[in-house]
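For reference, the structure discussed in these notes is given below.
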Amino acid sequence: MKFEIQLKNYKRKFEDFLKSYIQELKGVDEKLLSSMKYSLFSEGKRIRPILMLATYEMCGGKSKEIYKFASALEMIHTYSLIHDDLPCMDNDTMRRGMSCNHIKFGESTALLSGDALLTYAFETASSCNLDELSAKNILRSIEILSLNSGCKGMINGQCLDLVGNITDKEKLIEIYNLKTSRLISAAAEIGAILSETSEEKINSCRRYGEYIGLCFQIVDDILDNETYNLSFFENPSAVDFVRELTEKAKLELKIFKNDVTFLENFADFLMCRVC
């Protein structure tokens with residue numbers, strides 16, 4: 001129960017900040033802004049910002065400026081969902097129990113809304129107070145955000161996924177790592193970097209994020225009954241592989257001497273949707 005309360009508190013505090021921050025966005029076309037807000041506040045799980053906030057605090061971070069980076073990450077994730085649903089991509093009509101952005105606002109506005117969220121994400125991240133977060137760590141974190149969301153990360157994974165010629169488990173895992181795990185690992189890595197912890201702990205946080213990110217995508221496939229993808233997981237089975245990834249993630253936290261209970265439970269929480 002304590003974990004569930006902590007999870008709700010992280011989500012509530014993040015969403016309170018994000019709503020307040022977006023309210024300050026002025027000079028934007030009314031329809032465009034409505035489209036951006038529609039997807040940004042569509043009852044998402046907030047997995048990535050919660051992970052960034054929790055990692056930052058576990059590593060000793062204190063500044064509220066971390067909420068700007070968490071918001072930037074969620075904007076990038078949201079833009080990717082808007083574009084992923086478009087007719088030229090997955091051609092979906094529903095997302096999180098609501099009409100997709102392009103169904104409600106039209107394809108042109110949805111496309112521009114995604115573009116706006118992507119660019120506003122980097123404006124947000126770069127606006128952090130230099131008196132509270134070091135310029136060097138902000139720049140490094142922006143680089144990681146760009147690397148993992150761009151043509152070497154999430155976008156590359158989405159492109160490979162569109163081709164649809166998955167031939168083996170290794171290729172499938174590569175796509176999963178790129179299109180899903182990269183942004184989740186970036187959340188943990190950036191949280192650690194901005195806390196000014198050691199490189200050893202930063203690397204452990206990144207690997208933790210990689211493991212739970214891969215776990216997250218495989219669990220989604222199990223829940224969505226993606227039988228073709230799951231056919232590659234025979235020995236171990238997909239569920240056993242998820243358990244293995246979760247244990248590897250939790251082992252990465254052993255380097256920390258302070259309380260890691262929330263992140264251990266967070267890994268279990270992502271896994272236990274199927275186990």
Identify the heavy atoms of [X] and [Y] that sit nearest to each other, and give their distance.
X	Y	value
Asn148	Ala186	ND2-CB, 3.8 Å
Ile193	Ser141	CG2-OG, 3.7 Å
Ile222	Ala238	CD1-CB, 3.9 Å
Ile212	Ala249	CG2-CB, 3.6 Å
Ala54	Leu263	CB-CD2, 3.9 Å
Asn229	Leu172	O-CD2, 3.5 Å

### Query
Do Lys45 and Phe216 meet the cation-pi criteria used here (NZ or CZ under 6.0 Å from the six-membered ring centre, within 45° of the axis)?
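Not flagged: Lys45 not positioned over aromatic ring of Phe216.
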
### Message
Quick check on Lys13: does its NZ atom have over 12 non-hydrogen neighbours (other residues, nucleotides or ligands) under 6.0 Å away?
### Response
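Check fails, neighbour count at 12 or below.
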
#### Entry: Over 12 foreign heavy atoms within 6.0 Å of NZ, Lys169
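Yes.
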
Euclidean distance, [Y] [atom2] relative to [X] [atom1], rounded to 0.5 Å:
X	Y	atom1	atom2	value
Cys159	Lys179	SG	NZ	12.5 Å
Ser39	Met98	OG	CE	7.0 Å
Thr55	Ile50	OG1	CD1	11.5 Å
Met52	Phe14	CE	CZ	9.0 Å
Ser35	Leu40	OG	CG	10.5 Å
Asn258	Leu253	CG	CG	10.0 Å

Can you find a pair of side-chain heavy atoms, one from [X] and one from [Y], that are under 4.5 Å apart?
X	Y	value
Cys59	Cys205	yes
Phe105	Lys31	yes
Ile173	Phe232	no
Asp115	His83	yes
His77	Ile47	no
Leu18	Tyr67	no
Tyr56	Phe69	no
Met271	Val219	no

Indicate, with yes or no, if [Y] and [X] share a hydrophobic cluster defined by side-chain heavy-atom contacts under 4.5 Å among Ile, Leu, Val, Met, Phe, Trp and Tyr.
X	Y	answer
Tyr79	Leu147	no
Leu251	Leu270	no
Phe262	Met58	yes
Leu81	Met154	no
Leu139	Ile144	no

Ignoring hydrogens and geometry, is there a side-chain-to-backbone donor-acceptor pair from [X] to [Y] under 3.5 Å?
X	Y	answer
Thr180	Asn177	no
Thr246	Val242	yes
His102	Asn91	no
Lys152	Ser149	no
Ser181	Glu210	yes
Ser185	Arg182	yes
Asn129	Asp131	yes

#### Entry: Test log, rule salt bridge (charged side-chain N to carboxylate O under 4.0 Å, His left out), inputs Glu247 and Arg243
CA-CA 6 Å; Glu247 289 308 309; Arg243 289 195 182 103; over 6 Å; no

salt_bridge([X], [Y]) N-O dist < 4.0 Å:
X	Y	value
Arg140	Glu143	no
Glu24	Lys68	no
Arg48	Glu74	no

### Query
Testing Arg207, Arg206, Lys201 for salt bridge (Lys or Arg N to Asp or Glu O under 4.0 Å) with Glu252, which one passes?
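Exactly one candidate clears the test, Arg207.
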
### Task
Share the residues that join Leu86 in a hydrophobic cluster, the rule being Ile, Leu, Val, Met, Phe, Trp or Tyr side chains under 4.5 Å apart at the heavy-atom level.
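For the cluster that includes Leu86, the remaining residues are Leu111.
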
### Query
Stepwise, does the side chain to side chain contact (heavy atoms under 4.5 Å, CB included) test hold for Thr261 with Phe3?
CA-CA 9 Å; Thr261 306; Phe3 169 73; over 6 Å; no

### Message
For a side chain to side chain contact (heavy atoms under 4.5 Å, CB included) check, start with the C-alpha distance between Ile76 and Leu118, then their side-chain angles and the critical distance, and finish with the verdict.
### Response
CA-CA 5 Å; Ile76 290 173; Leu118 173 61; 4.1 Å; yes

### Query
Between Phe17 and Lys64, is a side chain to side chain contact (heavy atoms under 4.5 Å, CB included) present by the stated rule, with each step listed?
CA-CA 10 Å; Phe17 176 87; Lys64 296 300 182 184; over 6 Å; no

### Task
Could you tell me which residues satisfy ring-ring contact (aromatic ring centres under 6.0 Å, His included) with Phe256, sequence neighbours excluded, listed by chain and number?
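ring-ring contact (aromatic ring centres under 6.0 Å, His included) check on Phe256 returns nothing, list empty.
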
### Task
Begin from the C-alpha positions of Ile184 and Leu51 and carry the test side chain to side chain contact (heavy atoms under 4.5 Å, CB included) through to its verdict.
CA-CA 8 Å; Ile184 292 176; Leu51 175 58; 3.7 Å; yes

